[in-house]
Amino acid sequence: MIRTRVKELVDACFQVGVRQGLWSAGGAGKFTVEIPKHENQGDFSTNIALVLAGIEKKNPRQIAAKVREILEQERELVDTVEIAGPGFVNLTIKTEVWQQLLKIIEKSGPDFGRSTVGAGKRVMVEFVSANPTGPLSVGHGRQAILGDAIARLLEATGHDVYREYYYNDAGRQMRVLGESARARYLELLGRPFTFPEDGYQGEYIYDIGRKLVDQYGEDLVERESVEPFKKMAEQTIFEDISSTLERMDIRFDNYYNERSLYENGYIDSVVQELKSKGLVYEKDHATWFKTTEFGQEKDRVIIKSSGEPTYRLPDIAYHREKFKRGFELLIDIFGSDHIATVPDVMAGVEALGYDPSKIKVILHQFVTLMRDGKQVKMSTRKATFVTVDELLDEVGTDAARFFFMMRKPDSQLEFDLDLATRESQENPVYYVQYAHARACSILRQATEKEVEIVACGDADLRLLTEPEEMALLKLMGAFPTLIESAALDHEPYRVIFYLMELAGQFHSYYNRHKVISDHAALSQSRLCLVAELRKVFGNGLTILGLTAPQTM
RNA sequence: GCGCCCGUAGCUCAGCAGGAUAGAGCAACGGCCUUCUAAGCCGUGGGUCCGGGGUUCGAGUCCCUGCGGGCGCGCCA
């Protein structure tokens with residue numbers, strides 16, 4: 001937005017300098033335009049002089065003086081140019097440029113913040129990908145929200161996004177699940193049963209048992225095959241998972257079954273291709289993939305001596321299929337416990353002739369739940385983990401989404417249940433939503449008091465001169481750049497931080513200045529500000545999949 | 001033992017390709033509702049940026065090293 005215009009201006013200035021022989025063209029693209037930390041450092045700051053001084057071996061402040069000379073020729077955008085510190089060039093933008101920004105937001109409406117940088121780029125986001133062995137746990141919840149938020153950000157920046165859930169219903173896990181269901185089925189019928197040693201102990205297995213009793217009565221008592229038990233378990237659990245995801249407003253474009261990789265011969269063809277490239281060998285009756293040729297410490301088994309593939313073979317085949325299906329960027333969201341598979345998949349796709357740098361793996365750390373200041377103990381084995389459904393029951397979807405997005409994936413996430421449920425000022429979710437509701441409320445008040453709300457073009461925006469108003473305008477102006485960089489870096493948490501900051505400034509403004517007052521012209525101008533603020537809050541919340549309430 | 005991530009205020013965390021005087025929220029303390037929703041605002045206190053070296057004009061940010069925590073390191077997924 002405005003920063004883009006300033007960057008263009010500095011770029012032009014750089015070119016002028018090159019033409020005048022002040023510096024060489026070598027520094028092109030190396031300098032930046034940023035919003036400085038401190039207010040007394042202008043609206044924008046560029047390090048162009050420092051960068052060029054490094055290249056040219058000259059005094060940065062002297063170069064900065066030249067930069068200022070050139071920039072001062074321009075009078076559309078720039079108010080003042082100052083040289084500060086070691087050679088930063090600080091620019092102040094004309095007040096009216098900021099005021100006119102409201103018209104741009106008004107015109108863009110719901111599109112303000114959205115862009116087309118990703119236009120035409122097909123990207124797949126693979127996430128959740130939990131096998132249907134039980135309800136989603138809070139760890140999956142973090143992943144689900146993170147993946148969906150990234151997908152939404154990419155959509156907001158024009159990418160063609162495809163959400164996929166990858167699962168396997170054929171492995172040992174599922175067999176054990178089926179046997180667990182059989183045991184509960186027999187137990188419910190009062191028959192003798194043996195519960196599998198490493199079986200699934202969760203309460204939900206009884207639900208599956210009950211469904212089996214309802215549907216089949218005693219018909220399955222003598223059944224040898226585990227299939228009907230497994231099938232019922234899978235079906236029931238998938239329904240459960242889907243409804244949980246639905247509650248969070250998460251929908252997948254496709255559920256990809258690992259089994260289809262076998263049925264379509266993709267597994268075999270991967271092995272054949274690796275063989276033909278001389279990248280596999282037999283040892284101890286197993287088939288090994290020469291991952292050492294791709295920088296790893298040791299080779300890895302892809303087919304066990306039993307003839308069964310290891311997990312990494314389908315993983316590789318699956319990623320090759322993603323490429324073949326025409327995606328240009330593959331985003332994988334995994335829990336950090338899956339870190340070991342990443343190098344294997346990367347080596348595999350590289351071996352098959354695809355570019356591993358197009359796979360972006362986002363590993364997220366674990367979630368700890370806090371209640372009464374103490375950690376809630378969770379164990380998958382004992383089935384004492386907290387499910388996403390329970391979490392949603394307790395805190396609601398907005399709070400869950402907000403808290404899961406609030407931290408960057410790298411850090412462990414501490415989820416404070418007390419804070420998330422508190423309906424008071426400490427709760428950051430409401431802080432932002434309340435800002436939106438408050439803006440709506442002011443606009444409602446204006447209508448009730450019959451204060452005319454005019455278009456920004458018809459208001460005298462020059463009346464917006466308070467420091468708080470200028471600060472708000474500047475922050476609003478940064479929104480599109482923020483969305484773009486958050487999308488391209490796959491970092492939803494940055495949008496959260498932005499919205500909290502904007503909300504803070506708005507609440508502060510509200511408490512200090514009356515929007516609707518006796519001064520008619522001023523009221524109208526301020527109503528324009530509030531109306532456009534409402535849009536920025538609304539757009540930001542919507543892009544993240546949060547609701548933007550009109551009243552609270 | 002090896003690999004990845006983390007270590008910033010009492011607590012939870014920001015710090016955006018190394019940049020100009022380290023920030024926010026919560027917790028603590030003190031104020032603000034006959035006026036647009038107090039789910040809000042204003043003010044106060046609070047830091048050896050884990051320790052030690054190094055690179056640089058400049059390091060919370062990069063490199064090395066030590067310490068502490070998490071996750072991995074399988075012919076489990």
Side-chain angles (χ1 to χ4, degrees), chain A residues 30 32 34-38 40-41 45 47 50 53-54 60 84-88 90 129 131 133 168 171-173 258 283-288 296-298 300-312 314-315 335-343 363-366 368 370 373 406-416 419 422-435 437-446 448-449 451 481-482 485-486 489 491 493-494 496-497 500-501 503-504 506-517 523 526-527 530 551-552:
Chain A
K30 299 230 171 102
T32 58
E34 283 167 16
I35 299 172
K37 282 183 198 141
H38 300 278
N40 57 6
Q41 292 164 357
S45 175
N47 60 355
L50 292 164
F88 288 99
N90 296 339
S129 294
N131 287 339
T133 57
N168 176 22
R172 202 192 74 91
Q173 276 183 17
E258 181 182 318
K283 192 180 92 181
D284 303 333
H285 306 293
T287 305
W288 296 69
Q296 290 197 45
E297 300 218 346
K298 50 197 271 194
R300 303 286 178 183
V301 171
I302 51 173
I303 300 175
K304 302 184 232 176
S305 52
S306 66
E308 285 176 297
T310 60
Y311 65 90
R312 58 179 71 86
D315 278 0
S336 62
D337 54 336
H338 281 62
I339 188 164
T341 79
V342 176
L363 293 162
H364 70 267
Q365 300 290 322
F366 288 144
T368 48
M370 301 293 285
M406 197 161 56
R407 302 283 175 244
K408 55 183 169 190
D410 281 345
S411 36
Q412 289 174 44
L413 190 152
E414 189 165 297
F415 198 121
D416 186 336
L419 182 61
R422 220 169 298 167
E423 283 201 0
S424 71
Q425 54 191 9
E426 300 102 332
N427 194 331
V429 187
Y430 298 117
Y431 189 77
V432 175
Q433 291 187 323
Y434 185 48
R438 180 166 256 178
C440 292
S441 170
I442 294 169
L443 295 168
R444 268 197 309 274
Q445 277 294 322
E448 276 170 29
K449 292 181 179 170
V451 179
T481 327
L482 171 97
S485 62
D489 295 341
E491 291 179 334
Y493 77 93
R494 278 163 54 182
I496 295 279
F497 276 89
M500 302 223 310
E501 164 87 25
F506 177 50
H507 288 313
S508 180
Y509 172 63
Y510 173 90
N511 275 277
R512 193 164 296 170
H513 303 285
K514 292 287 285 181
V515 173
I516 302 165
S517 65
S523 299
R526 288 184 170 171
L527 283 168
V530 171
T551 59
M552 287 179 76

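So that the names make sense, note that chain A is the first sequence line, chain B the second, and so on, each numbered from 1. The structure displayed is predicted, hence computed values, not measured ones.
When the side-chain nitrogen and oxygen atoms of Q445(A) are compared with OP1 and OP2 of rU37(B), one or more of them lie within a distance under 4.0 Å. The side chain of R312(A) contributes no N or O atom lying less than 4.0 Å from OP1 or OP2 of rG74(B). Residue Y431(A) places no side-chain N or O under 4.0 Å from the OP1 or OP2 atom of rC26(B). Considering only side-chain N and O atoms, K304(A) lies under 4.0 angstrom from the phosphate OP1 or OP2 of rC76(B). For rC41(B), neither phosphate oxygen OP1 nor OP2 lies less than 4.0 angstrom from any side-chain nitrogen or oxygen of Y434(A). Within the structure, a side-chain polar atom (N or O) of K37(A) is placed less than 4.0 Å from OP1 or OP2 of rA20(B). Dashed line: the shortest gap from a side-chain N or O of Y493(A) to OP1 or OP2 of rG15(B) is under 4.0 Å. For S411(A), a side-chain nitrogen or oxygen approaches OP1 or OP2 of rA14(B) to under 4.0 Å.
Closest to the side chain of I339(A), out of rC42(B), rG3(B), rC76(B), is rG3(B). Checking rU35(B), rA14(B), rA77(B) against every side-chain atom of F497(A), the shortest atom distance belongs to rA14(B). Of all nucleotides listed (rC73(B), rC36(B), rC75(B)), rC73(B) comes nearest to the side chain of R300(A). With rC13(B), rC75(B), rG19(B) as the candidates, the nucleotide lying closest to the side chain of W288(A) is rC75(B). Comparing atom distances between the Q365(A) side chain and each of rC5(B), rC36(B), rC42(B) picks out rC5(B) as nearest. Side-chain proximity of S305(A) to rU12(B), rC42(B), rC75(B): nearest is rC75(B). Residue T32(A) has its side chain nearest to rA17(B) when only rA20(B), rA17(B), rG74(B) are considered.
Within 3.5 Å, a donor on the side chain of S45(A) pairs with an acceptor on the base of rA20(B), or the reverse. Counting atom types as modelled, N47(A) pairs no side-chain N or O with a base atom of rA17(B) as donor and acceptor under 3.5 Å.
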- A correct dot-bracket answer for RNA chain B, with pairs being Watson-Crick or G-U at under 3.5 Å, [ ] for crossing pairs and | for inter-strand pairs, is (((((((..((((.........)))).(((((.......))))).....(((((.......))))))))))))....
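Straight-line distance between the C1' atoms of rU8(B) and rA14(B): roughly 10 Å, to the nearest whole Å. rG60(B) sits 12 Å from rC50(B) when the C1' atoms are compared, rounded to a whole Å.
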What's touching nucleotides 8-10 of chain B from the protein side, N or O pairs under 3.5 Å?
none

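If you find the closest nucleotide of RNA chain B to F88(A) and to K408(A), the one lying nearer the 5' end belongs to K408(A). Where N168(A) and S508(A) meet RNA chain B, the nucleotide closest to each residue was compared, and S508(A) sits on the side nearer the 5' end.
In the displayed structure, H285(A) atom NE2 is contacted under 6.0 Å by at most 12 heavy atoms of other residues, nucleotides or ligands.
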